[in-house]
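Worksheet: the structure to be examined is printed underneath.
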Amino acid sequence: MVDNAHILPLNADVALEELAANAVAVGLPMNTPFRDTTLREVMLIKGPIGWAEFSPFPEYGAEESARWLSATIEAGWHGWPEPVRQSVPVNATVPAVAPEDVETVLARFGPVTAVKVKVAEDDVATDIARVQRVRELLPDADIRIDGNTKYSHDEAFEVITALPFLAYAEQPVPGIEPLAKLRAALRDAGSSVLIAADEAVRKETDPLAVAQAQAADLIVVKVQPLGGVRRALSIVQHAGLDAVVSSALDSSVGIAAGVALAAALPSLDHACGLATAALFRTEPAQPALPVNGVLTPGPAPVPDAQLIEQLKLPDERQRWWQTRLAKAHSVLTQNA
Ligand SMILES: [Mg+2]
């Protein structure tokens, strides 16, 4: 049994009419395809205290989207808790490129103290060589790998034990039980590489289940899927695990909420995955790009009216997003 009695309720205290009247759906062109698309669609909503984002991925249903809307309401109508730190370190990301291309990829980032290396898209030997190349170029960086659930147990074990300098391995295998089995096998083999749960954390009860199964040392948390900054904080505290904050490919309006969460966590030992604004070719607000490897907490950036006009989706997509907003709102208020 997972006890979720201490998790804060979702924010459901704004009328649909008010949300709908202040919402616009925009498309952000991406530099490289992600989730098979080159246009990230997001809805931006202007609340009384600032701009907010509602951007569940297109295939998400109303139940899941309701949690994202709770985060939107928090951002635009309630605001975030006070930060306990004024700078949030963020990681650079090296996609599954050939080892000889790692240097070129890293050169695009400024000063870097943490690097996430994508793995499990090639053979194991190439993955290991890619990570070793990062280590050669940045011997002092906090290096982690992200397998996005795509390794088998044996592949994950081989890669992680070959790279003992790793800070942690993010969701190398799918689910909670396989993660727990891998973590136990690594401990038995004397490995000190930590395990992070990402894909296994999609709803509020998951972090508690991850903790209960001793499946991970830390959890990757995202503001919108967990229903807001305060709610994510309560979930992390209740799970009793360290956390790393990531974006859900949010626009820079949503990134501000991620930075607010990272800045409010009682402890933050690892750089966060919030430097994703560079993936967009253009967006309506000032992009949240790190300076010297850090982002600073503050209000969400205000989108430029002209850029909104330029990036605004066609009428048929506006209607589609308004329908989703209404369905998510209906679930949210029924459950409140
Ligand atoms: Mg991940």
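First listed ligand is number 1; within each ligand, the first listed atom is number 1.
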Legend entry - Any residue meeting salt bridge (Lys or Arg N to Asp or Glu O under 4.0 Å) with Lys222, in chain and number order, not counting sequence neighbours: Asp198
Inset, instruction - Sort by chain and number the protein N/O/S atoms found under 2.8 Å from the Mg ion (ligand 1). - result: Asp146 OD2, Glu170 OE2, Asp198 OD2
Inset, instruction - Examine the side chains of Glu199 and Thr149 and answer whether a donor and an acceptor come within less than 3.5 Å of each other. - result: no
Legend entry - Pairs satisfying ring pair (Phe, Tyr, Trp, His ring centres under 6.0 Å), at least one member in residues 63-117, at least two apart: Phe57-Trp68, Tyr60-Trp68
Legend entry - Remaining members of hydrophobic cluster (4.5 Å side-chain criterion), Leu218: Tyr168, Leu194, Val244
Inset, instruction - For the residue pair Asp250 and Gln224, confirm or rule out a side-chain donor-acceptor distance under 3.5 Å. - result: yes
Inset, instruction - Please check if any side-chain donor atom of Thr104 sits under 3.5 Å from a side-chain acceptor atom of Asp101, or the reverse. - result: no
